[in-house]
Undergrad: 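Before I ask anything, here is the structure I am working with.
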Amino acid sequence: MTVCEYKPGLEGIPAAQSSVSYVDGQQGILQYRGIRIEELAEKSTFLETSYLLIWGTLPTKEELEAFEHEIRYHRRIKYRIRDMMKCFPESGHPMDALQASAAALGLFYSRRDLDNPAYIRAAVVRLLAKIPTMVAAFQLMRKGNDPVQPRDDLGYSANFLYMLNEREPDPLAARIFDVCLTLHAEHTMNASTFSARVTASTLTDPYAVMASAVGTLGGPLHGGANEEVIAMLEEIGSVENVRPYLEDRLERKAKIMGFGHRVYKVKDPRATILQNLAEQLFEKFGRDKYYDIAVELERAVEEKLAHKGIYPNVDFYSGLVYSKMGIPTDLFTPIFAIARVAGWLAHWKEQLEENRIYRPTQVYTGLHEAAYIPIEER
Ligand code: SDX
């Protein structure tokens with residue numbers, strides 16, 4: 001067996017063979033099953049894109065209608081899961097609530113029948129359908145309200161916003177939210193997808209796979225950055241304070257949240273699309289001062305860090321879109337998770353076809369033949 005050179009964070013090391021998505025970090029290209037993200041953002045919906053990612057082809061009209069019908073039918077969550085969530089502390093982070101409730105789904109469905117396509121499809125539908133309901137339910141319960149039931153007459157994204165805010169969303173906001181889900185659905189071998197594949201490779205149940213991926217996504221260097229971006233823009237407070245703030249952060253070698261990427265060395269194409277979506281919202285619902293700060297910060301960071309290939313990533317503008325929709329900042333990462341379930345499921349299926357457990361090696365840097373020292377002599 002040839003042993004590759006150790007690379008911290010596995011930088012540049014292929015950890016899987018996959019046909020789900022493709023990124024060219026130099027050109028700023030992202031493709032889902034070969035289709036450019038810009039085209040899917042403009043012409044597709046999140047559910048149609050999820051179907052494409054998971055089953056590898058765009059669905060026919062009948063296939064999409066059947067898929068949407070199944071999703072609508074499975075949106076409700078069992079009262080036992082709701083009762084379990086009622087015991088979660090209101091102060092708990094929604095990502096922890098999501099991770100616990102995603103794992104809990106595994107208690108209700110047969111552990112493993114991974115060779116059965118019907119079991120695979122049922123798990124895909126249940127997770128895509130129920131995870132938004134669980135995020136919305138916890139949000140209402142921690143505000144002391146009873147969760148509302150999903151509405152069959154609303155589409156996937158409109159229904160989530162309805163369950164979250166207890167009122168029908170503006171059609172433009174629902175459409176823009178749906179595009180945000182498409183933009184966040186998949187992104188090759190990011191940390192949470194890698195977690196999903198490692199967990200899937202042990203042939204455990206898909207609910208445990210999702211819980212593993214949700215836990216990984218929550219970190220501030222990964223999916224948690226969008227929440228940090230808003231806190232950073234609020235801390236900057238004004239366009240005039242952008243450059244002094246940036247100088248201070250760089251002097252302290254502190255990372256600027258929402259910037260930089262292991263793969264993109266140009267502006268993340270998703271950031272460009274999200275910026276356009278933000279401007280559409282501001283045109284309809286009024287401009288946001290934090291957007292002006294963000295645009296000035298992007299300009300200042302480019303002056304200082306473009307030579308390092310540091311540009312805005314997907315998390316830089318997403319928070320401004322969600323904030324304009326009245327979504328609280330600690331729901332930004334759970335929303336990222338709602339979208340990324342599609343990509344995690346696509347990689348879960350692909351890993352089952354690969355059917356080889358992850359077991360990398362290591363570079364040992366410890367002692368050999370060390371003596372055991374009795375406690376009296378230590
Ligand atoms: C996501 O992998 C994916 O695809 C992820 C994602 C997805 O869709 O799944 O795209 C979503 O996670 C986006 C990233 C969200 N995270 C953040 O915005 C947090 C801030 N960004 C950084 O932590 C960082 O850019 C990472 C973690 C995203 C990437 O880090 P790398 O590739 O490990 O880069 P590095 O830490 O080795 O830094 C290389 C150089 C360093 O400078 P030097 O020490 O060489 O002088 O670039 C600098 C870093 O200091 N640098 C930054 C920076 N990111 C890198 N400097 C300031 N601010 C930053 N944000």
Side-chain angles (χ1 to χ4, degrees), residues 14-24 27-75 113-132 155-160 175 177-190 192-194 196-197 200-201 203 206-207 209-210 213 263 269-270 273 314 336-356:
Q17 280 191 150
S18 176
S19 60
V20 180
S21 67
Y22 170 76
V23 169
D24 178 329
Q27 304 293 320
I29 293 170
L30 170 57
Q31 296 167 345
Y32 289 174
R33 298 287 184 184
I35 302 175
R36 283 280 188 111
I37 190 64
E38 292 82 358
E39 201 161 11
L40 290 167
E42 183 193 340
K43 300 173 182 169
S44 187
T45 64
F46 172 66
L47 277 189
E48 183 183 66
T49 298
S50 299
Y51 189 104
L52 168 70
L53 288 167
I54 294 163
W55 280 290
T57 56
L58 285 168
T60 62
K61 190 169 178 300
E62 294 72 28
E63 286 168 334
L64 183 58
E65 283 171 358
F67 187 53
E68 287 170 340
H69 175 75
E70 285 175 77
I71 294 278
R72 260 196 304 278
Y73 180 79
H74 284 282
R75 278 170 173 166
D113 190 2
L114 301 175
D115 295 327
N116 178 352
Y119 173 86
I120 300 288
R121 183 171 181 106
V124 164
V125 167
R126 282 189 191 115
L127 284 159
L128 278 172
K130 296 181 189 305
I131 281 186
Y156 189 87
S157 291
N159 176 64
F160 172 70
R175 170 61 192 153
F177 185 84
D178 198 70
V179 176
C180 288
L181 294 183
T182 295
L183 295 174
H184 287 81
E186 157 67 9
H187 207 249
T188 73
M189 205 43 56
N190 59 85
S192 54
T193 297
F194 182 46
R197 289 197 75 128
S201 76
L203 302 187
Y207 310 98
V209 172
M210 291 303 119
V263 181
R270 300 168 296 176
I273 299 169
V314 68
F336 194 152
I338 288 171
R340 192 52 60 91
V341 164
W344 293 333
L345 286 165
H347 283 272
W348 167 60
K349 277 176 86 269
E350 203 174 52
Q351 185 57 42
L352 292 179
E353 289 146 22
E354 176 84 20
N355 196 13
R356 187 150 179 78

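Only heavy atoms go into these numbers, but all of them, side chains included; no hydrogens, no water, no symmetry mates.
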Undergrad: Using only atom types and a distance under 3.5 Å, with no angle test, would you say the side chain of Tyr32 pairs donor to acceptor with the backbone of Thr182?
TA: yes

Undergrad: Would you say Val209 and Trp344 make side-chain contact, with heavy atoms under 4.5 Å?
TA: no

Undergrad: Answer yes or no: is there a side-chain heavy-atom contact under 4.5 Å between Leu352 and Leu203?
TA: yes

Undergrad: When you measure from the side chain of Asn116 to the backbone of Asp113, do you find a donor-acceptor pair of N or O atoms at a distance under 3.5 Å?
TA: no

Undergrad: Would you give me the side-chain donor-acceptor pairs under 3.5 Å for residues 52-60, sequence neighbours excluded?
TA:
from, atom 1, to, atom 2, distance (Å)
Thr60, OG1, Glu63, N, 3.0
Thr60, OG1, Glu63, OE1, 3.3

Undergrad: In Å and rounded to the nearest 0.5 Å, what is the CD to CD distance from Gln31 to Glu39?
TA: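 Output value for this atom pair is 10.5 Å.
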
Undergrad: Backbone N or O of His184 within a donor-acceptor pair of the Arg340 side chain at under 3.5 Å?
TA: yes

Undergrad: Could Glu65 and Lys61 be called an ion pair, given the rule that one side-chain N must be under 4.0 Å from one carboxylate O?
TA: yes

Undergrad: Are the side chain of Ser50 and the backbone of Phe46 linked by a donor-acceptor contact shorter than 3.5 Å?
TA: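 Yes, the answer is positive, given that a donor and an acceptor are paired below the 3.5 Å cut-off.
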
Undergrad: Rounded at 0.5 Å granularity, tell me how far CD in Glu186 sits from CG in Leu345.
TA: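 Rounded to the nearest 0.5 Å, the CD-CG separation comes to 11.0 Å.
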
Undergrad: Closest approach of Tyr207 and Ala123, non-hydrogen atoms and distance?
TA: OH-CA, 3.6 Å

Undergrad: Please determine, by modelled atom types, if Ser19 and Arg33 share a side-chain donor-acceptor pair under 3.5 angstrom.
TA: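 Yes, because at least one side-chain N or O of Ser19 sits under 3.5 Å from a partner of the opposite role on Arg33.
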
Undergrad: Can you measure from NE2 (His347) to CZ (Arg197) and round to the nearest 0.5 angstrom?
TA: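 Reported to 0.5 Å precision, the distance equals 6.0 Å.
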
Undergrad: Rounded to the nearest 0.5 Å, what separates atom CD in Glu68 from atom CZ in Arg72?
TA: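 Spacing of CD (Glu68) from CZ (Arg72) equals 6.0 Å.
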
Undergrad: Mind checking the CD-CZ spacing from Glu70 to Arg121? Nearest 0.5 Å is all I need.
TA: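 Those atoms lie 4.0 Å apart.
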
Undergrad: Rounded to the nearest 0.5 Å, how far apart are CG of Leu30 and NE2 of His187?
TA: 4.5 Å

Undergrad: So which heavy atom on Leu181 is nearest to which on Ser157, and how close?
TA: CD1-OG, 3.5 Å

Undergrad: Taking all non-hydrogen atoms of both residues into account, name the closest pair between Ala41 and Leu183 and its distance.
TA: CB-CD2, 4.1 Å

Undergrad: Would you name the heavy atoms of Glu350 and Gln17 that are closest together and state the gap between them?
TA: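 Taking every non-hydrogen atom into account, OE1-O, 3.7 Å.
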
Undergrad: Taking all non-hydrogen atoms of both residues, which atom of Val125 and which atom of His74 are closest, and how far apart?
TA: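 Shortest heavy-atom separation between Val125 and His74 comes out as CG1-CD2, 3.5 Å.
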
Undergrad: Please name the pair of heavy atoms, one in Tyr156 and one in Leu128, separated by the smallest distance, quoted to 0.1 Å.
TA: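 Smallest heavy-atom distance, with atoms named: OH-O, 2.6 Å.
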
Undergrad: Give a yes or no on whether the backbone of Ser21 and the side-chain of Thr188 come within a donor-acceptor separation of less than 3.5 Å.
TA: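 Checking the backbone N and O of Ser21 against the side chain of Thr188, no donor-acceptor pair under 3.5 Å is found.
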
